[in-house]
Peer 1: 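Submitted below is the structure of interest, expressed as C-alpha cells.
Just so it is clear, the model here is predicted, and its values are computed rather than measured. Every chain is numbered from 1, with letters handed out A, B, ... down the list of sequences. As a basis for the values below, the full set of heavy atoms in this structure was taken, side chains included, without hydrogen atoms, waters or symmetry mates.
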There are 2 protein chains.
Amino acid sequence: MSPRKALDDEPCPVARSVDVIGDRWSLLILRDAFDGMRRFGDFQRSLGVARNILSDRLRKLVEAGILETRAASDGTAYQEYVLTIKGEGLFPVVVALRQWGERQLFARGERHSELIEKSTGQPIPFMSPKAGDGAELAPAETEVRKLR
Amino acid sequence: MSPRKALDDEPCPVARSVDVIGDRWSLLILRDAFDGMRRFGDFQRSLGVARNILSDRLRKLVEAGILETRAASDGTAYQEYVLTIKGEGLFPVVVALRQWGERQLFARGERHSELIEKSTGQPIPFMSPKAGDGAELAPAETEVRKLR
DNA sequence: TCAATCGGTTTCGTTTTGCAACTGGATTGA
DNA sequence: TCAATCCAGTTGCAAAACGAAACCGATTGA
C-alpha cells in the first residue's frame, strides 16, 4: 500500500486542516483539552485509547503547534500538554461538532452533556456562518473562490 | 486487533459526531458536497481517493442520513449523492475547519481558496461561538455541563 | 455496434491500529 | 529506607483499515 498522501501543500484550507486534525483521536483529544485536560494519563483514561496511539497523536499535535508541553502545574516532575494560541483557534471546530451532534445525533428527550457559558450557566447559542451584515448564511448562498 | 469501538452511545455530542464524520475522507467528501459535487466519479477525481474507500464512505454517509442518493439530474441513468437536511447542518463544521486552516496553515502571502458570499463576492466573516448577548466567547469562558 | 465511461466490487499487499507486556523514573507509604 | 505503586511512555504482535490495481456489468457516445 502506498502511504497516506500528505495534504499540506493543498491550496484548500479544509484539506490542510483535515490533514492535521482530521482523525478520531485528535479531535477527541482536542475536545478534552478544551475541557481543561492536560495530563497523559487523564487523556488516556478519558478516551480509552491505546497508550501508543495517544503518544503518537500527542506528539503530532505538538509538532503541529496545536499543543505544547510544559512542566506540570501541580509541582510533580511530569509534564502537561496544553493548547497553544494556534490550538485555541480550533474552538469553533469543536463547538461546531458538538452543536451538530446535539441537534442530530440524540433522540428527542435523550440526555447529553452541554456547553454552557460559565458566567451565566446558559447554553451557548447555535453558531453558524454569517454574512457581512449578520444574516445567517445557507451553504447555497456561498461558494468557494478557487485559486488559479 | 479488536475492532474500533463505536461511540454512538456516548453522552458526549462531540464523540458521536466524530464517530460519524471524524475521518479524513468523510470530511473532504463533505467539503466537496457543500461545493455542489454530487457524482461518484467527480468525488473520486477531486479527492484522489481509492474507489473502494470512496464507495465505503459514501455508503456510510448515506446510512448516517447525511447524504442521500437520487436519480442524476442530468438525465443519465446514474445516481447522485446529495446532502440531506441533516447533512446541511454540518456546514458550520466545514466552515470552521476552513477558517482555521486559512488563518493557521498558510504562510503570509501564500494564496489559498476562499469561501465567499455569492451575492456580494465578499469573504465570509470569521465564525466563532458567541454568548447570549453576542459577545465572543473564549474557551475559558465556557464549560461542559456533564450528564449525571 | 463497439469502444469508452461509469460506478462500483474483489483481491492482495501495506500501513495503521489496538492490546498487552515491558520499562524506567517518580512518588507514596509503611 | 526501601518496596510497592504510579506515571508516561515504548515495544512486539496480531487484527483491521487502507490503497492500488484489476475486474465487472451496465450505460453512454460516436
Peer 1: How would you list, by chain and number, every residue that makes a side chain to side chain donor-acceptor pair (under 3.5 Å) with A:S46, sequence neighbours excluded?
Peer 2: A:D32
Peer 1: So which pairs with a foot in residues 82-95 of chain B pass side-chain hydrogen bond (donor to acceptor under 3.5 Å, both in side chains), sequence neighbours left out?
Peer 2: none
Peer 1: In whole angstrom, give the distance that lies between atom CG of A:D56 and atom P of C:dT16.
Peer 2: 9 Å
Peer 1: Run the ring-ring contact (aromatic ring centres under 6.0 Å, His included) test against B:F91 and tell me which residues pass, sequence neighbours left out.
Peer 2: B:F34
Peer 1: Quick one: list whatever passes ring-ring contact (aromatic ring centres under 6.0 Å, His included) with B:F106, sequence neighbours left out.
Peer 2: B:H112
Peer 1: Does A:R39 place a side-chain N or O at less than 4.0 Å from the phosphate oxygens OP1/OP2 of D:dA8?
Peer 2: yes
Peer 1: Could you check whether B:R59 gets within reach of a base, just the sugar-phosphate, or nothing at all, counting any heavy atom under 4.0 Å?
Peer 2: nothing
Peer 1: The criterion is side chain to side chain donor-acceptor pair (under 3.5 Å); which residues satisfy it with A:E117, sequence neighbours excluded?
Peer 2: A:S119, A:T120
Peer 1: What is the distance, rounded to the nearest whole Å, between atom CD of B:Q44 and atom C1' of D:dA20?
Peer 2: 11 Å
Peer 1: Where along nucleotides 19-30 of chain C does protein come under 4.0 Å, by heavy atom, of base (B) or sugar-phosphate alone (S), with - for untouched nucleotides?
Peer 2: B-----BSS---
Peer 1: Among residues 20-29 of chain B, which ones have heavy-atom contacts with DNA chain C below 4.0 Å?
Peer 2: none
Peer 1: Any side-chain N or O of A:S55 below 4.0 angstrom from OP1/OP2 of D:dT10?
Peer 2: yes
Peer 1: Can you list everything that forms a side chain to side chain donor-acceptor pair (under 3.5 Å) with A:D133? Sequence neighbours excluded, please.
Peer 2: none
Peer 1: Please report the distance, rounded to the nearest Å, between CZ in A:R57 and C1' in C:dT17.
Peer 2: 8 Å
Peer 1: B:Q79 near the nucleic acid: base, sugar-phosphate alone, or nothing, with a heavy-atom cut-off under 4.0 Å?
Peer 2: sugar-phosphate
Peer 1: Mind calculating the distance between CG (A:L58) and P (D:dT10) to the nearest angstrom?
Peer 2: 10 Å
Peer 1: From CG of A:L54 over to P of D:dT11, roughly how many Å is that when rounded to an integer?
Peer 2: 16 Å
Peer 1: Which part of the nucleic acid does B:Y81 contact within heavy-atom distance under 4.0 Å: base, sugar-phosphate only, or nothing?
Peer 2: sugar-phosphate
Peer 1: Quickly work out the A:L47 CG to C:dT17 C1' distance and round it to whole Å.
Peer 2: 15 Å
Peer 1: Whole Å only: how far is the CZ atom of A:F43 from the P atom of D:dC7?
Peer 2: 15 Å
Peer 1: Should the pair B:K60-B:D56 be classified as a salt bridge under the 4.0 Å nitrogen-to-oxygen rule?
Peer 2: yes
Peer 1: With a 4.0 Å cut-off, would you call B:E10 and B:R16 a salt bridge?
Peer 2: no
Peer 1: Output the rounded distance in Å from CG (B:D42) to P (C:dC6).
Peer 2: 8 Å
Peer 1: Quick one: side chains of residues 61-71 of chain B, donor-acceptor pairs under 3.5 Å with protein atoms, not counting sequence neighbours, listed by atom name and distance.
Peer 2:
| residue | atom | partner | partner atom | Å |
| --- | --- | --- | --- | --- |
| B:E63 | OE2 | B:R59 | NH1 | 3.1 |
| B:E68 | OE2 | B:R70 | NH2 | 3.3 |

